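Heads up, the thing below is written out as structure tokens.
Letters go in sequence order (proteins before strands), and every chain restarts at 1. What you are looking at is a predicted structure, and each value in this text was computed from that prediction instead of being measured.
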Protein chains: 2
Amino acid sequence: MQNGFDHASTNEIVKEAQISKGSLFNYFNNKKDLYVYLFEYSVQIIEQLYEQIDLNETDLFERLENIGIQKLYIHKKYPHVFDFLATSMQEESTEVKEFIKGKVEAIYDRGTKIIYQDIDYSKFREGLDIEKAIEILNWTMFGFGDKAIQQISSFENIGEFGEQYLKEWKSYAEILKFSFYK
Amino acid sequence: MQNGFDHASTNEIVKEAQISKGSLFNYFNNKKDLYVYLFEYSVQIIEQLYEQIDLNETDLFERLENIGIQKLYIHKKYPHVFDFLATSMQEESTEVKEFIKGKVEAIYDRGTKIIYQDIDYSKFREGLDIEKAIEILNWTMFGFGDKAIQQISSFENIGEFGEQYLKEWKSYAEILKFSFYK
DNA sequence: AGTATGTTGACCAATGTGGTCATTAGTGCT
DNA sequence: AGCACTAATGACCACATTGGTCAACATACT
């Protein structure tokens, strides 16, 4: 995730993971296999997130709020999954480029499709460019998410953090609702 | 910028830069000197940006709009300056870590101090949490900036792009003003 | 004790590392 | 053209790191 495929040496990996070189190559035939495994693992985690989305919730803010919390919990459990996929998208190494090609984009596309499915857009005020409004909402959610992740390590109790996170987010959401909703 | 100090090999650098190894080490004593030069060069570019800020403009949206355009032009001229400093902040290499230490943060702090100097906050509606509003504004500016940068390469004429960029940004700004201003 | 499974790190050939320097190419001047 | 000077080159160096192997060891269970 930090260095990309070519510059991620197995020596560094085993040192960081505190396992021996032999053990790594006992479980994986080669470096590429390890990468592929990690990639597919990350994909699977994100697919799980998609499946947990409640499509009966038609309010956009509520929907995104739920996803945000899920994401937070996933990030606590698997801290590098999202970053790994994000960086894999701009992987330069010829050895894995072919394998990745288009896969991440496809997942993101599927994600946005699900996330915005069956949303009740009649709640938005007239004269508003809804697409742009959603972009703004997305950007502030990402921004807020990043901010939260930086603070997450200072909290022991994830549940407690989740509550405070939710409460704080609601005040940001309120500001945007003021402009977005009727 | 892509690999960090340790994993940025001089071989790769000269290949990418299309110069010979000898030429690189004719102008720089060693790899660290090159890094330090690049760092200070980037800092200088950003300082220039700060100096161009018009402090007589007290409207926050106008102020940020001007800075956004300046940033866009800088990005066109020096495409990696901002990314270089952003990644240098999380540089792990012991060889340059000490040199960077705190410098980037200091520059960012100075930046935010200047950017929000003498802003007329009386324009904001009552009951609004101004700090949070500014965060939202920042996040959407970053988001919009990223989006613009991805499109910038497809434009030949930077001036033309700047105009379209500005026009599009104004419609985002309008949505936020609806919530922020009286 | 014996077997099966998991883990280790010294070791390997191959490649890559930051850096050097004698040689060559290019430029400007007379 | 000839000369002087600067700038660019890439083969070369000693050494470090690379992905990957494998015989030896540790542990757990019957």
Side-chain angles (χ1 to χ4, degrees), chain A residues 1-44 77-81 83-101 103-104, chain B residues 1-44 77-81 83-101 103-104:
Chain A
M1 178 200 74
Q2 273 170 8
N3 301 325
F5 184 80
D6 280 337
H7 293 282
S9 89
T10 52
N11 292 325
E12 274 189 273
I13 289 167
V14 297
K15 203 201 276 177
E16 200 88 4
Q18 300 194 65
I19 57 164
S20 68
K21 198 87 160 286
S23 209
L24 171 63
F25 283 99
N26 181 32
Y27 290 101
F28 300 96
N29 290 323
N30 49 50
K31 193 175 139 181
K32 190 186 170 182
D33 274 15
L34 168 63
Y35 189 92
V36 168
Y37 174 82
L38 256 29
F39 184 89
E40 285 178 339
Y41 183 81
S42 302
V43 167
Q44 186 206 318
K77 250 193 179 173
Y78 318 96
H80 300 301
V81 165
D83 281 340
F84 183 80
L85 284 182
T87 50
S88 78
M89 216 167 30
Q90 42 213 35
E91 182 59 64
E92 292 277 89
S93 169
T94 52
E95 219 161 330
V96 289
K97 211 172 164 182
E98 183 63 23
F99 171 76
I100 296 166
K101 202 173 71 183
K103 280 185 182 165
V104 193
Chain B
M1 179 200 75
Q2 273 170 9
N3 301 323
F5 185 80
D6 281 338
H7 293 281
S9 89
T10 52
N11 292 328
E12 274 189 273
I13 288 167
V14 297
K15 202 201 278 177
E16 199 87 4
Q18 302 195 65
I19 56 165
S20 67
K21 199 90 160 284
S23 209
L24 172 63
F25 283 100
N26 180 31
Y27 291 100
F28 300 97
N29 290 323
N30 49 50
K31 194 174 137 181
K32 191 186 170 182
D33 274 16
L34 168 63
Y35 189 91
V36 167
Y37 173 83
L38 257 29
F39 185 89
E40 286 178 338
Y41 183 82
S42 302
V43 167
Q44 187 206 318
K77 250 192 180 173
Y78 319 96
H80 300 301
V81 165
D83 281 341
F84 183 80
L85 285 181
T87 49
S88 78
M89 218 165 35
Q90 44 214 35
E91 183 59 64
E92 292 277 272
S93 169
T94 52
E95 219 162 330
V96 291
K97 211 173 165 182
E98 183 63 22
F99 171 76
I100 296 165
K101 202 173 73 184
K103 279 184 182 165
V104 194

- Using atom CD of A/E12 as one end and atom P of D/dA16 as the other, report the distance to the nearest whole Å. 16 Å

- Message: Once side chain to side chain donor-acceptor pair (under 3.5 Å) is applied, do any residues pair with A/E92, and if so which ones, sequence neighbours excluded?
- Response: none

- Query: Over how many whole Å does the gap from B/F5 atom CZ to C/dT17 atom C1' extend?
  - Reply: 12 Å

Report all interatomic pairs (protein N or O, nucleotide N or O of nucleotides 22-27 of chain C) with separations under 3.5 Å.
none

- What residues form a side chain to side chain contact (heavy atoms under 4.5 Å, CB included) with A/Y37, not counting sequence neighbours? A/F28, A/Y41

- Among all residues two or more places apart in sequence or in another chain, which pass the side chain to side chain donor-acceptor pair (under 3.5 Å) test with B/K101? B/E98

- Is there a donor-acceptor pair under 3.5 Å between the side chain of B/K103 and the backbone N or O of B/F39? no

- Task: Mind calculating the distance between CD1 (A/I13) and C1' (D/dT17) to the nearest angstrom?
- Result: 14 Å

- Query: With sequence neighbours left out, what residues match A/S93 under side chain to side chain donor-acceptor pair (under 3.5 Å)?
  - Reply: A/D6

- Query: Between atom CG in A/D6 and atom P in D/dG19, what is the gap in whole Å?
  - Reply: 9 Å

- Partners meeting side chain to side chain contact (heavy atoms under 4.5 Å, CB included) with A/N30 (sequence neighbours left out): A/K32, A/D33

- OP1 or OP2 of C/dG16 sitting under 4.0 Å from any side-chain N/O of B/N11? no

- D/dG19 P sits how many Å from A/K31 NZ, rounded? 4 Å

- Note on the structure: Residues of residues 15-30 of chain B with a heavy atom under 4.0 Å from any atom of DNA chain C, listed by number, are B/K21, B/G22, B/F25, B/N30

- Query: Just how far, in rounded Å, is P of D/dG19 from OH of A/Y35?
  - Reply: 14 Å

Enumerate all atom pairs, one protein N or O and one N or O from nucleotides 4-6 of chain D, separated by less than 3.5 Å.
none

- Residues passing the side chain to side chain contact (heavy atoms under 4.5 Å, CB included) test with B/Q90, sequence neighbours excluded, are none

- Message: By the side chain to side chain donor-acceptor pair (under 3.5 Å) test, which pairs, at least two apart or in different chains, include something from residues 13-25 of chain A?
- Response: A/N11-A/K21

- Note on the structure: Residues passing the ring pair (Phe, Tyr, Trp, His ring centres under 6.0 Å) test with B/Y35, sequence neighbours excluded, are B/F5, B/F84

- Message: Heavy atoms only, 4.0 Å cut-off, all strands: where does A/T10 land among base, sugar-phosphate and nothing?
- Response: base

- Item | Gap separating the CD1 atom of A/I19 from the CD1 atom of A/I13, nearest 0.5 angstrom | 9.0 Å

- What pairs with A/E40 under side chain to side chain contact (heavy atoms under 4.5 Å, CB included), at least two apart in sequence or on another chain? A/V36, A/F99

